[in-house]
Amino acid sequence: MVGKKKILKLMALLLVAMGISLGINTETSSAKTPYKTYTVDGYGRMEESQAAYLAENTILKFGKETLKGPSDLHVAEDGTVYVADTGNSRIIVGDTKGNLKKVVGEGVLQTPRGVYVTEDGNIYVADRDKEAVFVFNSEGTLLNTYGKPDNPLYGDGIAYKPIKIVVNKAGIMFVVCESNTNGIVEISPADGGTFLGYFGTNYASTSIQQVIYRAILTDEQRAKMVSNIPSTPDNLAIDEKGLIYTVTRGDEAKTLKRLNIAGTNMIQKTTDVYDEAPAAVAVGNNDNIYVVSAKGYIYEYNDLGEPLYVFGASDDGTQRVGLSRQATSIAIGANDEVFILDSDENRIQIYHPSEFTQKLHTALNLYSNGRYKDSRGPLTEVLQMNSMFDYANKAMGRAYFQESNYGQALTYARLAKDRDGYSDAFWEIRNNWLKNNVVALILIIIALYVAIKVVKTLDRKKGILNGVRNVNARLSENTLISNIKYSGYFMKHPFDGSYGIAREGRASWSAPSILLLIFTIEFIVDKYLCGFLQKTVREGRYELFTDIGTILVVIIALTACNYLVCTINEGEGTIKKIYTYFCYSLLPYIFFTPISFILSHILTENEQFLITLVKVIMYTWIIILAVLGIKEVNNYTGKETAKIIFLTAFTILIVALLIFIIYVLWAQVFEFIAAIVGEVVYRIG
């Protein structure tokens, strides 16, 4: 019986060993995805999403040929993989299963850093140390060699060290040369290689500080400064239309560029989602763009440069599938697979799109081909899988817009926080409404004008508004109402109004407090209920207590600190007077905010400058009233007023700092007490 059990255990171990040996291929390996996928919501924040790509395979070698410090790869439409095997001075040609097809360039190449294959199968290799571009046919036979351009426009003192290359359909080569800051080298194959000039030169960034320094320093001092030269592109790619894509580290929001034939960047929108150390760029099958960073993070953008996903991660030494230690190249397969070349680990990671991403790409493809109605089907499925995926809402809104369904376009644009899409749809809706109602609108305006004229005429002849005037006169006798009305006089005549606060008993607690209450209500209503294009807070997020508390703290701090400073500096204002003129100074906000609130609901994105203008006038007016109130009520000169304003601001800063220090100290005291109590409870327990 014991022997039987041992035999069964041995058979089980053999079966497990056979399963493992069959499951592991010497050329590829598989593992679960060890990274997270992120997308960008309409507020510009990174949010975790379901997996966009699954890292399922890793090519470790082609046949029996291993890689050594590879620098670049190219994947043809038929799935053939070309790798610049830099450390072995050759080009490896294989398939996505790790099977070897051929080796190209042995004995010819020295340091191949870039590889590109044209539709006819010609293999272009950028060899840095050989200082040449080599061209092989599909069989690996050397066809041409293009060395340093013999042209004075290239620059005699500039080295020619090609590291990356792409070729357009006309055979013109675009070469990135190491440390060449003039731009991409453009070479025609005519006459053995004709230098056409530099292409897509990056701009050198200059700060205001540098401009000032260069203006005031001597020639000798300027010579010692670090030269302000443009960055060399790190990598490039080309699409079917011949547009060139580049990535450049250090260019921040302009890291990614799409250059037309004139070298002009066609990606107008900048994004905060970029990597500081981009390694390579590739163009997808749906006009989408991929960028991989040196640390292995992969960014996918749409054709406008808007981010779709960020996935992948840096290898922490575990060598798990999907993690990269030093990514140097990226390529896209015919079925949207993403190939990442890792030069440190000498391997190629292969990421396959998930069902979610496949549906999104289908929608992108339909949309880019003008089939807007058809794109809504896969977009609906995407939203069913993730209703919070804002880009799908944005794309859905744009699809509806192209179909002239502006109501639905407006709805989805709002869901996606797509300001441009919302503005375009709203403009169309407003335009249609005006076309249908312009006559009625004109008639209403005329009727109102006539009614006002009639009422004025009747009042002049028969005094029909005498009752209203009598009521207004009786109300004005009330001190509270009189002081509230006086705030309007202060707003229009701040000098005389300040005199009334200082000398005529117009200072009070009740009237300014009512104005402060109205100000608070308008502030909250405008913040949370203004038009979509003016909203600065997230939908459904309300912080009413924080808003009210902030307003109260600010007005109390201003009043108290200004009173302390004025008292020390022989000011004539009491705390009641100071509180009064600060609250009265808020009247322009109370008057103009309803106007900007209404405008926020009827203006498009291009017309928002009108609201900005209203707010500039409003805040300027408030500042003027507050400054004149400080000056006139306290009987200061202009110089003394400036001093008081500075001291008030400084006092507020000191008080805030003291409150923060006290808060931190008390927090530590409470933590200490809680720790002691916890220890006592633990000991007793």
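Remember, it's a predicted structure, so these values are computed and weren't measured experimentally.
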Do you see a donor-acceptor pair shorter than 3.5 Å between the side chains of [X] and [Y]?
| X | Y | result |
| --- | --- | --- |
| Asn634 | Glu572 | no |
| Thr593 | Asp526 | no |
| Gln50 | Asn386 | yes |
| Ser513 | Tyr579 | yes |
| Gln534 | Lys527 | no |
| Thr248 | Asn202 | yes |
| Tyr400 | Arg376 | yes |

Distance check, rounded to the nearest 0.5 Å: [X] atom [atom1] versus [Y] atom [atom2]?
| X | Y | atom1 | atom2 | value |
| --- | --- | --- | --- | --- |
| Thr411 | Asn405 | OG1 | CG | 8.5 Å |
| Leu415 | Lys394 | CG | NZ | 13.0 Å |
| Leu379 | Leu360 | CG | CG | 7.0 Å |
| Asn393 | Asp418 | CG | CG | 10.0 Å |
| Phe609 | Thr612 | CZ | OG1 | 9.0 Å |
| Phe519 | Cys583 | CZ | SG | 9.5 Å |

Looking only at heavy atoms, what is the nearest atom pair of [X] and [Y], with distance?
| X | Y | result |
| --- | --- | --- |
| Gly531 | His601 | N-NE2, 3.5 Å |
| Ile630 | Thr641 | CG2-CG2, 4.2 Å |
| Gly421 | Ala413 | C-CB, 3.8 Å |
| Leu587 | Ser487 | CD2-O, 3.3 Å |
| Leu304 | Ile267 | O-CG2, 3.7 Å |
| Ile644 | Cys566 | CG2-SG, 3.9 Å |

Considering only heavy atoms from C-beta outward, does the side chain of [X] approach that of [Y] to under 4.5 Å?
| X | Y | value |
| --- | --- | --- |
| Ser585 | Phe490 | yes |
| Val455 | Ile464 | yes |
| Leu410 | Phe426 | yes |
| Thr39 | Leu308 | no |
| Tyr412 | Leu383 | yes |
| Ile524 | Ile548 | yes |
| Val310 | Ile298 | no |

side-chain hydrogen bond (donor to acceptor under 3.5 Å, both in side chains) partners of Tyr528, counting only residues at least two apart: Asp547
Lys631: partners by side-chain hydrogen bond (donor to acceptor under 3.5 Å, both in side chains), with sequence neighbours left out: none
Check for a donor-acceptor pair, side chain of [X] on one end and backbone N or O of [Y] on the other, with a separation under 3.5 Å.
| X | Y | result |
| --- | --- | --- |
| Glu607 | Thr604 | yes |
| Ser387 | Gln384 | no |
| Ser482 | Asn478 | no |
| Trp433 | Glu428 | no |
| Lys257 | Lys254 | yes |
| Asn265 | Arg258 | yes |
| Asn431 | Trp427 | no |
| Lys577 | Ala502 | yes |
| Thr559 | Ile556 | no |
| Tyr636 | Asn569 | yes |

More than 12 non-hydrogen atoms from neighbouring residues, nucleotides or ligands closer than 6.0 Å to [atom1] on [X], yes or no?
| X | atom1 | value |
| --- | --- | --- |
| Glu504 | CD | yes |
| Glu570 | CD | no |
| Tyr499 | OH | no |
| Lys535 | NZ | yes |

ring-ring contact (aromatic ring centres under 6.0 Å, His included) between Tyr406 and Phe401, intermediate numbers included: CA-CA 5 Å; Tyr406 304 122; Phe401 181 84; 5.4 Å; yes
Short N-O contact, Glu47 and Lys36, less than 4.0 angstrom: no
Asp459 and Arg469 ion-paired at < 4.0 Å: yes
side-chain hydrogen bond (donor to acceptor under 3.5 Å, both in side chains) between Asn483 and Tyr584, worked out: CA-CA 10 Å; Asn483 285 335; Tyr584 281 6; 4.8 Å; no
Residue from Phe389, Tyr38, Tyr391 passing ring-ring contact (aromatic ring centres under 6.0 Å, His included) with Tyr309: Phe389
Residue pair Val40, Glu306: steps toward the side-chain contact (heavy atoms from CB on, under 4.5 Å) verdict: CA-CA 9 Å; Val40 180; Glu306 299 169 330; over 6 Å; no
Tyr486 vs Tyr489, ring-ring contact (aromatic ring centres under 6.0 Å, His included): CA-CA, chis, key distance, verdict: CA-CA 5 Å; Tyr486 188 78; Tyr489 181 79; 5.5 Å; yes
Ring centres under 6.0 angstrom apart (Tyr367, Tyr372): yes
Stepwise side-chain contact (heavy atoms from CB on, under 4.5 Å) test for Val565 and Lys643: CA-CA 10 Å; Val565 172; Lys643 174 186 172 183; over 6 Å; no
Whether Tyr301 and Tyr299 hold their rings parallel, tilted or perpendicular, with breakpoints at 30° and 60°: parallel
